[in-house]
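Read the structure below first, then the notes.
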Amino acid sequence: MKWLGLDWDEGPFRQTERFDIYRAYGEKLLSEGKAYRCYCTPEELEIRRQETIEQGKSYKYDGRCRDIKDQIDKPFVLRFKMKQTGTTIINDLIKGPVHYDNSQLDDLIIIRSDNTPTYNFCVVVDDVDMKITHVIRGDDHLNNTPKQIQIYQALGWTSPQFAHLPMILGSDKTRLSKRHGATSVIAYKDLGYLPEALLNYLARLGWSHGDQEIFSLQELIELFNFENLGKSAAIFNPEKLLWLNSQYIMKMRPEDIALRVIPFLKNDGINTDNIDIKWLVRLIILLQERAKTLLEMSKSIKIYIEDNYQIDEKARQKFLNPQGIANLTEMVQELDKLLPFTAESIGSLFKEFSETRGIKLKDIAQTVRVALTGSTASPGLFEIIELLGKERTLKRLKSVLGGIF
RNA sequence: GUCCCCAUCGUCUAGAGGCCGAGGACAUUGCCCUUUCAAGGCAGUAACACGGGUUCGAAUCCCGUUGGGGACGCCA
């Protein structure tokens with residue numbers, strides 16, 4: 001959450017540290033006759049469960065220990081006495097009213113035989129104890145809610161407002177979980193995603209504000225509401241997240257990108273201590289609209305920092321052929337003479353070079369690009385040359401020529 | 001199986017009975033720009049699951065069907 005830029009006001013609270021509170025509430029319900037001791041063993045329950053399933057019926061605890069008056073000298077759990085008639089209604093902020101027939105709600109265990117409380121009991125007690133007004137959670141909890149509502153009532157408390165958000169599904173349409181590829185939030189950090197982008201993407205999943213796609217955290221805080229939340233599950237779409245990430249990278253200040261990309265460079269074995277930040281920022285400006293993630297950005301930067309880049313084999317065959325080498329040799333001489341050494345003057349030189357030789361600009365440009373960066377794709381060549389400077393440009397080009405002859 | 005939820009382009013969504021011959025975004029296709037790759041611009045393909053109602057009029061309301069998801073633990 002911290003990585004996402006999210007903050008919280010209280011806690012965290014550990015339920016394991018609050019066991020006494022839950023037990024006290026359990027005792028209270030027991031003494032008021034709203035809960036009872038159940039002596040059925042897990043094994044017995046399992047057998048009964050199997051039997052009902054075999055008969056094709058839905059299992060529900062039959063309440064056989066409800067009316068045992070005397071305390072028996074056997075291990076027991078505390079079960080909550082659910083109403084058996086009538087209806088429990090959730091007035092959900094998102095789903096609207098949801099009705100449950102009380103006859104299908106069974107007496108759930110609130111305290112285990114080892115005297116520890118169960119999840120469904122803990123959350124209710126916590127809400128009561130901490131005077132929680134709104135419970136907002138995934139709609140996989142919707143079915144627990146009617147049971148919880150009855151416990152709030154038994155505790156003499158009006159239940160909080162509920163809002164059950166739709167699930168986020170994986171591309172296979174099953175619930176997103178640790179099992180299938182569902183990368184954890186922090187894994188996106190390592191992949192070079194910006195927390196702002198991920199947060200934006202997640203917020204837009206199941207919620208909308210007209211046609212707006214990009215929201216700052218501040219806007220999200222101001223605009224987020226229950227009315228514009230959707231009811232149906234959404235499928236996680238990595239491509240759109242990637243697009244959003246690239247949008248954020250394009251709009252971010254290059255100085256800020258520099259700060260965030262440095263850890264990636266370090267991670268790639270680059271000594272970032274002697275990097276000239278101003279130079280790095282200039283490079284980032286050129287890379288900003290081409291890199292979709294910080295990781296991509298880092299890989300691109302590496303090419304301009306380290307001179308031992310690899311030349312793509314296909315590119316070499318296509319552009320560093322005999323004609324290309326001849327042109328490159330002449331270009332090295334021209335560049336060597338060039339003053340001042342700026343993107344503008346370099347551009348003029350290239351145009352003049354191609355015109356006087358009757359070749360296309362892109363032919364010489366691509367040849368130099370491949371020699372200089374190892375690839376047919378890069379930011380504007382003249383800017384790259386300027387950024388590298390005369391010395392390193394010539395060093396790189398000569399080394400390519402040297403490697404061939 | 002039982003119960004609950006949900007249903008608009010491949011995906012995220014706009015849509016609160018007439019403004020919808022359904023809008024935006026991602027992806028995709030074509031074109032433009034161009035020293036490459038991007039970015040950007042323009043154009044295109046593409047959806048109201050189906051069947052009944054209600055209404056002068058339904059993507060919008062009701063019912064059913066189908067499909068999808070979730071829950072059915074001495075897990076959380």
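Naming convention: chains lettered A, B, ... in sequence-line order (proteins, then strands); numbering from 1 in each chain. This one's a predicted model, so the numbers in the text were calculated from it and none came from an experiment.
- Across B/C33 and B/G15, the matching C1' atoms stand 36 Å from one another, rounded to whole Å.
- Salt-bridge check for A/Arg18 with A/Asp129: passed, with a basic side-chain N closer than 4.0 Å to an acidic carboxylate O.
- Comparing B/A43 with B/C4, their C1' atoms sit 46 Å apart, to the nearest whole Å.
- Across all strands shown, B/A16 forms no Watson-Crick or G-U wobble pair with both key distances under 3.5 Å.
- Near RNA chain B, meaning a heavy atom under 4.0 Å from it, residues 350-367 of chain A has A/Leu361, A/Lys362, A/Ala365, A/Gln366 in order of number.
- For the pair A/Arg79 and A/Ala377, nearest-nucleotide mapping onto RNA chain B gives the more 5' position to A/Ala377.
- Nucleic acid contact for A/Val98: sugar-phosphate only, since backbone atoms but no base atoms lie under 4.0 Å from a heavy atom of the residue.
- Atom name P, nucleotides B/C3 and B/G64: the rounded distance is 13 Å, in whole Å.
- No contact: A/Pro146 has no heavy atom under 4.0 Å from any strand.
- The gap from the P atom of B/C5 to that of B/G44 amounts to 42 Å, rounded to the nearest Å.
- Taking atom P on both nucleotides, B/G30 is separated from B/U65 by 46 Å, rounded to a whole Å.
- Within 4.0 Å (heavy atoms only), A/Gly380 reaches at least one base atom of the nucleic acid.
- Between the side chains of A/Tyr201 and A/Asn245, not a single donor N or O lies within less than 3.5 Å of an accepting N or O.
- B/C9 is unpaired under the Watson-Crick or G-U wobble criterion, no partner having all donor-acceptor distances under 3.5 Å.
- Using cut-offs of 30° and 60° for the angle between ring planes, the A/Phe350 and A/Phe382 rings count as tilted.
- Rounded to the nearest Å, the gap between the P atom of B/C50 and that of B/A22 is 15 Å.
- Each of A/Gln104 and A/Tyr59 was matched to the nucleotide of RNA chain B holding its nearest heavy atom; the match closer to the 5' end belongs to A/Gln104.
- Nucleic acid contact for A/Ser113: base, since at least one base atom lies under 4.0 Å from a heavy atom of the residue.
- Taking the centre and axis of the six-membered ring of A/Tyr59, the NZ or CZ atom of A/Arg49 falls inside the cone set by 45° and 6.0 Å.
- Residue A/Asp114 is out of contact with every strand shown, counting any heavy-atom pair closer than 4.0 Å.
- Note: A/Leu205 CG to A/Phe236 CZ = 7.5 Å, rounded to the nearest 0.5 Å.
- From the 5' end on, the contacts that RNA chain B makes with chain A at under 4.0 Å to a non-hydrogen atom open and close at B/G1 to B/A76.
- As judged by a 4.0 angstrom heavy-atom cut-off over every strand, A/Leu142 is placed among residues touching the sugar-phosphate backbone only.
- Atom P of B/A16 sits at a distance of 16 Å from the matching atom of B/C62, rounded to the whole Å.
- Residue A/Phe382 is classed as a base contact, given a heavy-atom separation below 4.0 Å to a base.
- Partners of A/Glu289 according to the salt bridge (Lys or Arg N to Asp or Glu O under 4.0 Å) rule, which considers only residues two or more places apart in sequence or in another chain, do not exist here.
- Side-chain contact of A/Asn200 with A/Glu196: a donor-acceptor pair under 3.5 Å is absent, judged by distance alone.
- Across every strand in view, B/U28 sits in a pair with B/G44 that passes the Watson-Crick or G-U test at under 3.5 angstrom.
- Pairing partner, B/A49: B/U65, with both Watson-Crick or wobble hydrogen-bond distances short of 3.5 Å.
- Applying the Watson-Crick and G-U wobble criteria (two distances, each under 3.5 Å), B/C3 pairs with B/G70.
- At the heavy-atom level, A/Lys318 lies nowhere under 4.0 Å from the strands shown.
- A/Glu239 comes within 4.0 angstrom of sugar-phosphate atoms only, judged by non-hydrogen atoms across all strands, and of no base.
- Searching all strands for a Watson-Crick or G-U wobble partner of B/G21 with both distances below 3.5 Å returns nothing.
- Among the protein residues, A/Ile235 comes within range of the sugar-phosphate backbone only, with heavy atoms under 4.0 Å from sugar or phosphate atoms but none that close to a base.
- Between A/Ile311 and A/Tyr309, some side-chain heavy-atom pair lies under the 4.5 Å cut-off.
- Atom-to-atom distance recorded for A/Leu194:CG and A/Leu198:CG is 9.5 Å, nearest 0.5 angstrom.
- A/Ser298 and A/Arg260 form no side-chain donor-acceptor contact under 3.5 Å, judged by distance and modelled atom types alone.
- Residues A/Trp207 and A/Phe215 bring their aromatic ring centres within 6.0 Å.
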Check your understanding: So A/Cys38 and A/Arg66, side-chain contact (heavy atoms from CB on, under 4.5 Å) or not? Walk me through it.
Key -> CA-CA 7 Å; A/Cys38 169; A/Arg66 265 189 170 222; over 6 Å; no
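- Note on A/Glu43: nothing from the nucleic acid sits closer than 4.0 angstrom, heavy atoms only.
- Look at the C1' atom in both B/C9 and B/A47: the space between them is 4 Å, to the nearest Å.
- In this structure B/A59 sits in no base pair that meets the Watson-Crick or G-U test at under 3.5 Å.
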